[in-house]
Amino acid sequence: MTSRRTVLGIATTLASTLALNSLLGRNTAAEAVSKGASTVSDSTPDIIFHNGQITTLDRRNPVASAVAIKDGRFLAVGAAPEILALAGSGTQLINLQRKRVLPGLFDNHTHVVRGGLNYNLELRWDGVRSLADALDMLKRQVAITPAPQWVRVVGGFTEHQFVEKRLPTLAEINAIAPDTPVFLLHLYDRALLNGAALRAVGYTRDTPEPPGGQITRDANGNPTGLLLAKPNAMILYATLAKGPKLPFEYQVNSTRHFMRELNRLGVTGVIDAGGGFQNYPDDYAVIQKLADDGQITVRIAYNLFTQKPKQEKEDFLKWTSSVKYKQGNDYFRHNGAGEMLVYSAADFEDFRVERPDMPSQMEGELEEVVRVLAQNKWPWRLHATYDETITRALDVFEKVNQDIPLQGINWFFDHAETISDKSIDRIAALGGGIAVQHRMAYQGEYFVERYGARAAEATPPVKRILEKGVKVSAGTDATRVASYNPWVSLAWMVTGKTLGGLNLYPPHNLLDRETALRLWTENVAWFSNEEGQRGRIEPSQFADLIVPNKDYFTIPEDEISFLTSDLTVVGGRIVYGAGEFAPLDDNPLPPALPDWSPTRTFKGYGAWGEPDGAGRNSLAPVRRQAAATCGCASGCGLHGHDHARAWASSVPTSDLKGFFGALGCSCWAV
């Protein structure tokens, strides 16, 4: 059998390495490497990656061509001859083929624990660029989903990503699925339920209106199938929770497949922000089993999210007495409280409706919880969309700080789309941070419609936060209000564009690619209290790295969101390999369960499992914006609605019997 050391020319022969060792001398090599950022021990590496273009983000040693790894951490980083000189007879050698290497991506806010429990149940429209393709996926999934199971499309997309610029109608969904329940969640603003789903959840004309939400009804008072979050998403949470769940062993399988999808996109770590209807410790049993079995391939630091309105203090009193901060290990451990601390302080981010005013009891309830957390030195995160909410929360934090100093407790706000300069300064004075996510890439059009383009120019003001020296990092808030794809977030920060192609931010508010990358790597470490442990490729840090399928630093900006990883390494283990690196993959998975799971067919983002089928219009930037913005009544027989390229071409148009006329090209008839 061909060994991993030699397959496809990726591995280097041991003989050449030993010759190099003899030439340089092991001590000389170690001494040469020790002149870099850190002194390297003389331990023999477990694995060496060499012949790469490695962006380390270590300012003292920004570029390297090789890394040595020992016991899950970087042992040495430097030039290939020096690093290869450290190899021993048992060292695995991987040739990176001159490809770009980056630190592993680290999502500052996601819901991977909840997402993993349900991943195999969900038909993902993340990244699908055509509603027609999305509806075809729905039709095919309905055909194979057995009763009493539902077909669920649970967030991760926006109607603006579709060429058609709209959601499906209830009539379209009911025509596709007259008997199979279909639940379709769009962001956290609405859900569409077909007739079968309404019957499954028991919503009738006699169902009372839920607090904070709306069941839309026809003239006879019967539910139509449209649920609206006004002003919060509890009706959406509660309705989805009525659906069937997977058995435990299937949830284990589902979580592994979700982590595999994250690895495919270059994610090596996340901070899990809890979630509604995600109870601790019951709903953490699956991820705990995977941790115990050594099957976690995405490092997880988790925050605890209160589940009981008006009983939040009791939740945190119980948890702070039973859970030790940072308990766990480098792959799965506790990270504090939030993002929900008290329900009265949660300003849901539905920009289709007016900003909600937090109730008068917010400050009192929040203070009780924050005092419990501060006394126990637990960091916290607080969901806050609007500066009005942030201002009131800061009043509470400053009051607590007078009695219990908050310095050294890595607390922070999440989201902060409309945060003011004054609030940023107050956060800086208290030693807090701001975790931003790319929700505006999905909702920018709604924000502009309500507040105007000028108000949207810095939402959130990442450049300003950086200038003021406040701790800031980036993430997704996946899996419902945005996709888990990190490259969409990176593209949003670099280009300022929504998924629908709207330019939100002026050039002076955009980030360069390295700064954006740092927000996704080294900057996140403060938010998990792991500074110096992760986020850069340098000695002693966690050996997490990725090899994108194209060079992040040189591809056109509009291609950033289409990147994937060809090689993902977590703790020195190759947890994902594709293309040339596929034979090195050390993370084989059983098929997705159940056998009718959408994951088996469509896989994940952009329906990449069917590159010539459901994903054919979604996996590459084929001038989709030009086609999407075409305003003509009908497409050209040759080019469809992608007229821009045709108009810019020089072709013979006078010969009506020529090539273009024969194929029905009408681009030059306008």
Side-chain angles (χ1 to χ4, degrees), residues 4-5 10-12 30 33-34 36-58 60-80 82-84 86-88 90-96 99-107 259 262-263 266-270 291 294-301 329-333 517 520-522 524-525 528 530-548 565-577 581 584-587:
R4 291 186 176 181
R5 186 181 293 275
I10 294 173
T12 305
V33 177
S34 72
S38 301
T39 300
V40 178
S41 76
D42 60 358
S43 299
T44 301
D46 299 321
I47 187 169
I48 289 175
F49 294 91
H50 65 99
N51 192 27
Q53 300 183 67
I54 302 173
T55 299
T56 68
L57 297 183
D58 177 358
R60 298 167 299 179
N61 182 34
V63 178
S65 60
V67 298
I69 296 169
K70 175 72 174 178
D71 296 332
R73 292 180 182 263
F74 293 117
L75 177 68
V77 181
E82 299 163 347
I83 304 304
L84 286 168
L86 302 174
T91 302
Q92 185 180 10
L93 305 172
I94 306 297
N95 189 327
L96 294 168
K99 293 181 181 294
R100 176 70 63 185
V101 181
L102 306 175
L105 301 180
F106 185 11
D107 193 329
M259 289 192 294
L262 293 174
N263 293 152
V267 177
T268 60
V270 301
Q295 292 183 328
I296 286 184
T297 62
V298 175
R299 301 181 192 273
I300 300 170
N329 57 34
D330 293 338
Y331 286 85
F332 181 58
R333 66 169 185 79
L517 181 62
W520 260 91
T521 50
E522 67 170 1
V524 190
S528 63
E530 295 173 295
E531 286 186 294
Q533 296 292 306
R534 63 192 302 175
R536 297 187 297 272
I537 298 176
E538 66 177 49
S540 80
Q541 293 215 6
F542 294 157
D544 302 343
L545 62 81
I546 62 173
V547 179
S565 179
D566 276 350
L567 183 72
T568 301
V569 176
V570 179
R573 177 189 174 199
I574 298 172
V575 297
Y576 180 81
F581 300 105
L584 301 172
D585 195 322
D586 190 34
N587 183 31

Q: Might you work through the side-chain contact (heavy atoms from CB on, under 4.5 Å) test for Ser528 and Gln533, ending with a clear yes or no?
A: CA-CA 10 Å; Ser528 63; Gln533 296 292 306; over 6 Å; no
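- Closest approach of Asp330 to Arg73, counting heavy atoms only: OD2-NH2, 3.8 Å.
- A 4.5 Å side-chain heavy-atom check between Gln92 and Ile48 finds every atom pair outside the cut-off.
- Side-chain N or O atoms of Asp46 include one that pairs as donor or acceptor with a backbone N or O of Asp71 at under 3.5 Å.
- Using a 4.5 Å cut-off on side-chain heavy atoms (C-beta onward), Phe74 and Glu538 make no contact.
- If you take CZ on Arg100 and CD1 on Ile54, they are separated by 10.0 Å, rounding to the nearest 0.5 Å.
- Note that the CG atom of Leu96 and the CG atom of Leu545 stand 7.5 Å from one another [nearest 0.5 Å].
- When all heavy atoms of Leu517 and Thr521 are compared, the closest pair comes out as O-OG1, 2.7 Å.
- A distance-only check finds a donor-acceptor pair linking the side chain of Gln541 to the backbone of Arg536 [under 3.5 Å].
- Salt bridge Asp586/Arg573: present, at least one basic N to carboxylate O contact under 4.0 Å.
- Annotation: side chain of Val569 is not in contact with side chain of Val575 (no heavy-atom distance under 4.5 Å).
- Scanning all heavy atoms of the two residues, the minimum distance from Leu75 to Ser43 falls at CD2-O, 3.3 Å.
- A donor-acceptor distance shorter than 3.5 angstrom exists from the side chain of Asn263 to the backbone of Thr297, with no hydrogens or angles considered.
- Judged by distance alone, the side chain of Asp585 and the main-chain N or O of Gly577 form a donor-acceptor pair under 3.5 Å.
- Taking every heavy atom of both residues into account, Ser65 and Ala80 meet most closely at OG-N, 2.8 Å.
- At a threshold of 4.0 Å, the pair Arg299-Glu530 does not count as salt-bridged, since none of the basic side-chain nitrogens sits closer than that to a carboxylate oxygen.
- To the nearest 0.5 Å, atoms CD1 (Ile83) and NE2 (His50) are separated by 11.5 Å.
- Annotation for Tyr331 and Gly571: closest pair OH-CA, 3.6 Å, computed over non-hydrogen atoms.
- Shortest non-hydrogen contact noted between Gly266 and Ile546 is O-CG2, 3.4 Å.
- Side-chain contact between Leu567 and Phe49 is present, with at least one heavy-atom pair separated by less than 4.5 Å.
- Under the 4.5 Å side-chain criterion, counting only non-hydrogen atoms from C-beta, Pro539 is in contact with Val77.
- With Thr91 contributing its side chain and Ile47 its backbone, the two residues share no donor-acceptor pair below 3.5 Å.
- At a threshold of 4.5 Å between non-hydrogen side-chain atoms, the residues Ile69 and Pro45 do not count as touching.
- Between the side chain of Thr568 and the main chain of Tyr576, no donor-acceptor pair closer than 3.5 Å is present.
- With contacts defined as side-chain heavy-atom distances shorter than 4.5 Å, the pair Phe581/Ile574 does not qualify.
- A 4.5 Å side-chain heavy-atom check between Leu86 and Lys70 finds every atom pair outside the cut-off.
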